[in-house]
Amino acid sequence: MVHTVTLLTREGCGSCVRVHDQIAPLCAAAGAAVEVVDVDLAGDRELALEYGDRLPVVLVDGAEHSCWEVDDDELAADLARPERFTD
């Protein structure tokens, strides 16, 4: 299965940039698709309300994987699994 990793961000968020740089090579190694979504620009007010105070957030296959900090080994292991990620 090809997993989809979504990084929820906000303009001007230094931690969001750091996490993006951290997860990009892990996703590439796993063949995972990566998308970056700015919660303020996504046009989804509920998305901004739900995640706005705790960015960056990493979603895998649409389920929340991590918030603020990402454990490289945990993300790599979850991306290596053949089944869809669920939280």
Side-chain angles (χ1 to χ4, degrees):
M1 163 175 210
V2 175
H3 296 282
T4 300
V5 176
T6 305
L7 177 61
L8 301 177
T9 66
R10 169 172 281 132
E11 179 71 29
C13 171
S15 293
C16 297
V17 173
R18 176 186 51 78
V19 167
H20 178 270
D21 292 347
Q22 177 184 353
I23 68 170
L26 298 171
C27 293
V34 180
E35 57 183 24
V36 177
V37 176
D38 184 316
V39 297
D40 296 323
L41 302 177
D44 184 342
R45 181 162 166 71
E46 292 199 22
L47 186 70
L49 289 173
E50 182 173 355
Y51 294 107
D53 289 341
R54 38 186 207 106
L55 297 172
V57 173
V58 176
L59 308 177
V60 176
D61 301 328
E64 187 170 332
H65 183 276
S66 46
C67 176
W68 293 310
E69 299 292 329
V70 177
D71 180 297
D72 289 356
D73 294 335
E74 183 179 330
L75 180 59
D78 289 334
L79 293 177
R81 292 189 178 141
E83 67 275 354
R84 183 173 173 81
F85 178 78
T86 57
D87 56 352

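Residue Arg54 qualifies as enclosed at atom CZ: its count of foreign heavy atoms under 6.0 Å is above 12. Applying the 6.0 Å contact sphere to CG of Asp53 captures no more than 12 heavy atoms from other residues, nucleotides or ligands. Residue Glu46 places its CD atom among 12 or fewer non-hydrogen atoms of other residues, nucleotides or ligands, all under 6.0 Å distant.
The shortest distance between side-chain heavy atoms of Glu11 and Asp40 does not fall below 4.5 Å. Here the side chains of Met1 and Asp61 are in contact, with some heavy-atom distance below 4.5 Å. Considering only heavy atoms from C-beta on, Leu59 comes within 4.5 Å of Tyr51 through its side chain. The shortest side-chain heavy-atom distance between Gln22 and Glu69 does not fall under the 4.5 Å cut-off. Counting only heavy atoms from C-beta outward, the side chains of Leu26 and Val5 never approach each other to under 4.5 Å.
Under the 4.5 Å side-chain contact rule for hydrophobic residues, Val70 and Phe85 share a cluster. When the side chains of ILVMFWY residues are joined at heavy-atom separations under 4.5 Å, either directly or via intervening members, Val58 and Leu79 end up in a single hydrophobic cluster. Both Val60 and Leu7 belong to a common hydrophobic cluster when Ile, Leu, Val, Met, Phe, Trp and Tyr are linked at side-chain heavy-atom distances under 4.5 angstrom. Under a hydrophobic-cluster definition in which Ile, Leu, Val, Met, Phe, Trp and Tyr are linked whenever side-chain heavy atoms come within less than 4.5 Å, directly or via other members, Leu8 and Val19 are assigned to different clusters.
Annotation: the span from Thr4 atom OG1 to Arg84 atom CZ amounts to 8.0 Å, rounded to 0.5 Å. Interatomic distance, CD of Glu50 versus CZ of Arg45, reported as 13.5 Å (0.5 Å rounding).
Under the side chain to side chain donor-acceptor pair (under 3.5 Å) criterion, His65 pairs with Asp78, sequence neighbours left out. Qualifying side chain to side chain donor-acceptor pair (under 3.5 Å) partners for Thr9, counting only residues two or more places apart in sequence or in other chains: none. Under the rule for a side chain to side chain contact (heavy atoms under 4.5 Å, CB included), the partners of Leu41 that lie at least two apart in sequence or sit in another chain are Asp38.
Considering every non-hydrogen atom in both Ala48 and Val39, the closest pair reads CB-O, 3.5 Å. When all heavy atoms are compared, the tightest approach of Cys16 to Arg10 is SG-N, 3.8 Å.
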